[in-house]
**Q** 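First the structure, which I've put down as structure tokens, then a few questions once you've had a look.
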Protein chains: 2
Amino acid sequence: MANIKKPHTSPEERIEQMIQRLKESNHRITPQRFGILKVLANSTRHPSAETIHSAMIVHYPTMSLATVYKTLALLKQVGEVLELQFSELGNRYDGNHPQPHPHVICTDCGEILDPSLLDLKKITEKMMRETGFKIVGHRLDFYGLCPNCQ
Amino acid sequence: MANIKKPHTSPEERIEQMIQRLKESNHRITPQRFGILKVLANSTRHPSAETIHSAMIVHYPTMSLATVYKTLALLKQVGEVLELQFSELGNRYDGNHPQPHPHVICTDCGEILDPSLLDLKKITEKMMRETGFKIVGHRLDFYGLCPNCQ
DNA sequence: GTCTGTGCAAACCCTTTGCACGATG
DNA sequence: CATCGTGCAAAGGGTTTGCACAGAC
């Protein structure tokens with residue numbers, strides 16, 4: 001059973017994986033895209049599009065938010081980023097673990113953690129049997145207050 | 001273990017519960033609010049604000065969307081409705097089972113089902129131990145294609 | 001050189017808010 | 001009759017889109 005909390009892949013390796021996937025699907029590696037991959041691979045904080053943009057504008061002063069959104073949509077499409085939708089918090093992105101996995105979310109400061117792996121395979125099968133759905137993904141969030149905000 | 005899928009509470013009983021809660025918290029029962037409670041209690045489809053509004057405007061031609069949103073916010077505040085946030089689908093509301101419970105969501109047509117109860121108490125405790133968070137809620141969604149959309 | 005990607009601004013969608021009027025308790 | 005709720009319209013925030021220019025391959 002793999003431990004997705006501390007993957008053996010380094011940020012560099014992760015960036016390389018994502019680049020490969022983009023090339024495979026005939027997409028160009030632009031400085032903007034490379035920069036976004038770098039931010040994603042080096043972040044454990046599940047950044048928002050805005051956060052990624054802010055981090056990048058220091059080095060790429062002309063970087064636009066639209067490009068961040070377009071790149072995130074592309075990465076989502078090729079399966080290299082996991083999008084966590086929140087209507088209040090705004091969407092957040094996980095580029096290190098694109099497969100569904102549980103999150104623990106602070107309702108006060110918005111911090112998002114990846115706790116250790118939890119296998120929902122059996123539960124997913126149960127759900128498929130019960131509902132007749134063909135289930136291809138899931139989402140498991142726990143909401144509460146992080147140690148700092150308590 | 002209770003089965004939250006088919007509660008013994010009828011829509012009428014459920015409406016009564018919600019009315020009690022509103023009265024307890026010193027809120028008035030207006031025709032608009034009563035209508036929204038009726039729609040919520042009679043729906044198993046996790047309606048959006050827009051859906052509730054559309055259902056009501058037939059009987060209350062002056063009904064406004066703003067009032068639907070305000071009432072949903074109020075019901076959420078007093079714990080009588082569960083809000084499911086989706087940035088794409090728009091938020092959806094469950095007035096029959098305000099406590100967190102799993103959902104199975106069709107990514108094609110947007111249908112949302114309540115499968116039978118699944119107890120996450122032990123997993124929640126594990127998460128609290130592991131992360132130091134004080135967890136007060138959760139969300140468990142399964143995504144896939146419903147029988148109709150497959 | 002071709003074609004995709006970028007960046008700007010405008011458009012979009014859902015949701016929230018301010019405010020004057022209306023209705024509840 | 002005091003206060004709270006309603007409805008309109010405008011504002012708001014995050015995200016998406018159209019289009020001309022720039023740049024990757």
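Just so we're on the same page: letters track the sequence lines, and every chain starts at 1.
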**Q** What is the distance, rounded to the nearest whole Å, between atom CE of B:Met63 and atom C1' of C:dG22?
**A** 15 Å
**Q** OP1 or OP2 of D:dT15 versus the side-chain N and O atoms of A:Asn91: is any pair under 4.0 Å?
**A**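 So the side chain of A:Asn91 is within the cut-off, an N or O lying under 4.0 Å from OP1 or OP2 of D:dT15.
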**Q** How is B:Asn26 classified with respect to the nucleic acid when contacts are heavy atoms under 4.0 Å: base, sugar-phosphate, or nothing?
**A**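 Counting heavy atoms under 4.0 Å across all strands, no contact is made by B:Asn26.
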**Q** Report the distance from atom CZ of B:Phe34 to atom P of D:dT6, rounded to the nearest whole Å.
**A** 14 Å
**Q** Measure from CZ on A:Phe86 to C1' on C:dC14 and round the result to the nearest Å.
**A** 18 Å
**Q** For residues B:Asp114 and B:His103, is any side-chain donor paired with an opposing acceptor at under 3.5 Å?
**A**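 Distance-only check passes for B:Asp114 and B:His103.
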**Q** What does nucleotides 18-25 of chain D look like as a protein-contact string, B for base, S for sugar-phosphate only, - for none, at under 4.0 angstrom between heavy atoms?
**A** B----BBS
**Q** Just to verify, what does A:Glu16 make a salt bridge (Lys or Arg N to Asp or Glu O under 4.0 Å) with, not counting sequence neighbours?
**A** none
**Q** What I want to check is whether the side chains of A:Ser116 and B:Glu130 have a donor and an acceptor closer together than 3.5 Å.
**A**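 Their side chains do contain a donor-acceptor pair, which is all the 3.5 Å distance test asks for.
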**Q** Whether A:Arg139 engages the ring of A:Phe86 as a cation-pi pair (distance to the six-membered ring centre under 6.0 angstrom, angle to the ring normal within 45°) should be assessed.
**A** yes
**Q** Which whole-number value in Å describes the distance from B:His53 NE2 to D:dC8 C1'?
**A**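 To the nearest whole Å, that distance equals 11 Å.
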**Q** In whole angstrom, give the distance that lies between atom CD of B:Gln32 and atom P of C:dA23.
**A** 9 Å
**Q** For A:Ser87, enumerate each residue passing the side-chain hydrogen bond (donor to acceptor under 3.5 Å, both in side chains) test, keeping only those at least two apart in sequence or located in another chain.
**A** B:Gln85, B:Asn91
**Q** Over how many whole Å does the gap from A:Leu72 atom CG to C:dG5 atom P extend?
**A** 15 Å
**Q** Find which nucleotide of DNA chain D each of B:Tyr60 and B:Glu88 is nearest to by heavy atoms, and output the residue with the more 5' nucleotide.
**A** B:Tyr60
**Q** Under a 3.5 Å threshold, yes or no: a donor from one side chain and an acceptor from the other, between A:Ser54 and A:Thr51?
**A**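 A:Ser54 vs A:Thr51: no donor-acceptor pair found between side chains.
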**Q** Taking the nucleotide of DNA chain D with the nearest heavy atom to each, does B:Thr67 or B:Ser87 sit closer to the 5' end?
**A** B:Thr67
**Q** Between D:dG14 atom C1' and A:Arg92 atom CZ, what is the distance in whole Å?
**A**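 So the CZ-C1' distance, A:Arg92 to D:dG14, works out to 14 Å.
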**Q** Consider only side-chain N and O atoms of B:Gln17 and B:Thr9, and report whether a donor and an acceptor are under 3.5 Å apart.
**A**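 The criterion, which ignores hydrogens and geometry beyond distance, is not satisfied for B:Thr9 and B:Gln17.
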**Q** Distance check: side-chain N/O of B:Ser64 vs OP1/OP2 of D:dT6, anything under 4.0 Å?
**A**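 No, outside the criterion.
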**Q** When you measure from the side chain of A:Tyr69, which nucleotide among D:dT15, C:dT15, D:dT6 comes out closest?
**A** D:dT15
**Q** Between B:Leu22 (CG) and C:dG25 (C1'), how many Å, whole number?
**A** 14 Å
